[in-house]
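Chain letters run A, B, ... following the sequence lines, proteins first and then strands; every chain starts at 1.
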Amino acid sequence: MAKLKLRGKDLIEIGYPQKGKAISIAIDVMLKNFRRERKDKVLQRLKTILKNPEKYLGDGIVGKIAEELTTPVHVEAQQLATTRAPFTIFGENGIADEAKHQLYTALKLPIAKAGALMPDGHSGYGLPIGGVLAAKDAVIPYGVGVDIGCRMCLSMYDIPASYIDGHRDKYVNMLQEHTKFGSYETHKRINDHEIFERSEFKDIPTVKKLFKKAYTQLGSSGGGNHFVEFGIVEISDEHNEFNMPVGTYLGILSHSGSRGLGANIAKHYTKLAMQQTPLPGEAKNLAWLDLNTHDGQEYWLAMNLAGDYASACHHDIHKRLGKALGARPIAMVENHHNFAWKEMVYGEELVVHRKGATPAQKGVLGIIPGSMTAPGFIVRGTGNKHSLQSASHGAGRQLSRRKAKQTITQSDIKKQLKDCGVTLIGGGIDEAPMAYKNIHQVMSNQTELVEVVGTFTPKIVRME
DNA sequence: ATGTAC
């Protein structure tokens, strides 16, 4: 197959403007997508686009050419403001300075309108973990995080929680057989899911390339702090949304995200953002995409796909375990905690980034995990304006992974697990319960943000 | 977080 050769001269001949970047963008797009087509056919395509570029705006492949011909994106070095957008920090005494400074930097972005830091806040890449940032008409890929749509999912069963103790081996086996951890492990038989019908997999070249990976990774959990666990749900609020009598139940709790799909989407669009909005040193990872541009709109679609895919993965995990358990859940609670949403903030529609923060609009349910030996909380948001209607996404790290490995021993963990009656499958030292802050302290720092509906106490935990 | 690196 002859390889396509396109030169600037060819495009000038058919009328492409020499001013601006139309020619270089067009050559780039054509070489990437129509490498095997005949040159005259490709030039004909380019002519058609040039004649009526408006018609091709939003097209996944040639939309970027059309954009350059109609409303070119201006790349310019961005400066930070000298003042910060308004913000509130919850549980300030428990948060390291570095995380606060990361928020302060983000609040000086020209697109920043408001921010907040949750009481589990700690240092991250770009926006701190526990950071919330409201921006105008723009989305920051690293404000969402690398694991787009990282989320929690809890299923509650009408099975006595005490059942676990008599059948530990059975539950351990279920997790070993029906959950997949690590970079490589996937299920032998993939369940089909409607997510794979989504048009984004056809329309966006970057996403199209990730289809196969997404397909094979469905229902897998990955690594890092991701887990699947059996535990005891205790419903304490008698006016709970599930109409469940106060008491204890068996629960399955999972924590994971969008696997390779989201990671590669994040990587691709962060690179584009860094090219389009170059920022000074300490802020460079906060580069954004204008939502009125081709790339910005494409990221938004891809991000939402990754979020739905993460949800599909959790549902697949719970479906497999429910089947093994031979039971249907009475109720489920789930929420993203790495994502961006368009929300009204002080009367204005803004893009609210939550990077390790639980959505907590009034009446909205969510899950805030503790650690493998501390309870997590089923919560109901209060819609607090100062947190931009958010809460923490967990206890938060107290020790960095490196520090945890240096100071915690395997026997420390063993003792802690035994004291709490927890069986652990996998799990490195960096995920030790002692590496996390005290969840009760964190919860006491966010009583204005969420109400407690119940708790989930882990009993059988599987990690990478 | 991620087949850990343009």
Roughly how many Å is it from CG in A:Asp147 to P in B:dT4, rounded to a whole number? 16 Å
Side-chain donor or acceptor of A:Lys437 paired with backbone N/O of A:Gly94 under 3.5 Å: yes
Assuming nearest nucleotide by heavy-atom distance, tell me which of A:Gly260 and A:Lys271 is located more 5' along DNA chain B. A:Gly260
Just the rounded figure in Å: distance from C1' of B:dG3 to CG of A:Asn264. 9 Å
Separation of B:dT4 atom P from A:Asp430 atom CG, nearest Å, is 19 Å
Looking across every strand, which nucleic acid part, if any, lies under 4.0 Å from A:Gly222 by heavy atom: base, sugar-phosphate, or nothing? sugar-phosphate
Scan A:Gly262 against the nucleic acid and name what it touches under 4.0 Å (heavy atoms): base, sugar-phosphate only, or nothing. nothing
In terms of heavy-atom contacts, does CD of A:Gln406 have more than 12 from other residues, nucleotides or ligands at under 6.0 Å? yes
B:dT2 OP1/OP2 closer than 4.0 Å to side-chain N/O of A:Gln217: no
Rounding to an integer number of Å, can you tell me how far A:Leu210 CG sits from B:dT2 C1'? 12 Å
Check the orientation of A:Phe196 and A:Phe201. Use parallel for under 30°, tilted for 30 to 60°, and perpendicular for over 60°. tilted
A:His268 NE2 - B:dC6 P separation (whole Å): 14 Å
Need one value for A:Glu185: base, sugar-phosphate or nothing, where a base atom within 4.0 Å counts as base even if backbone is also close, heavy atoms only. nothing
If I take atom CZ in residue A:Arg401 and atom C1' in nucleotide B:dT2, what distance separates them, rounded to the nearest angstrom? 12 Å
Quick check on A:Lys100: does its NZ atom have over 12 non-hydrogen neighbours (other residues, nucleotides or ligands) under 6.0 Å away? yes
Nearest whole Å is fine: how far is B:dT2 C1' from A:Tyr184 OH? 10 Å
Please determine, by modelled atom types, if A:Arg151 and A:His336 share a side-chain donor-acceptor pair under 3.5 angstrom. yes
Between B:dT2 atom C1' and A:Glu464 atom CD, what is the distance in whole Å? 11 Å
Ranking A:Tyr142 and A:Lys267 by the position along DNA chain B of their nearest nucleotide, the one closer to 5' is A:Tyr142
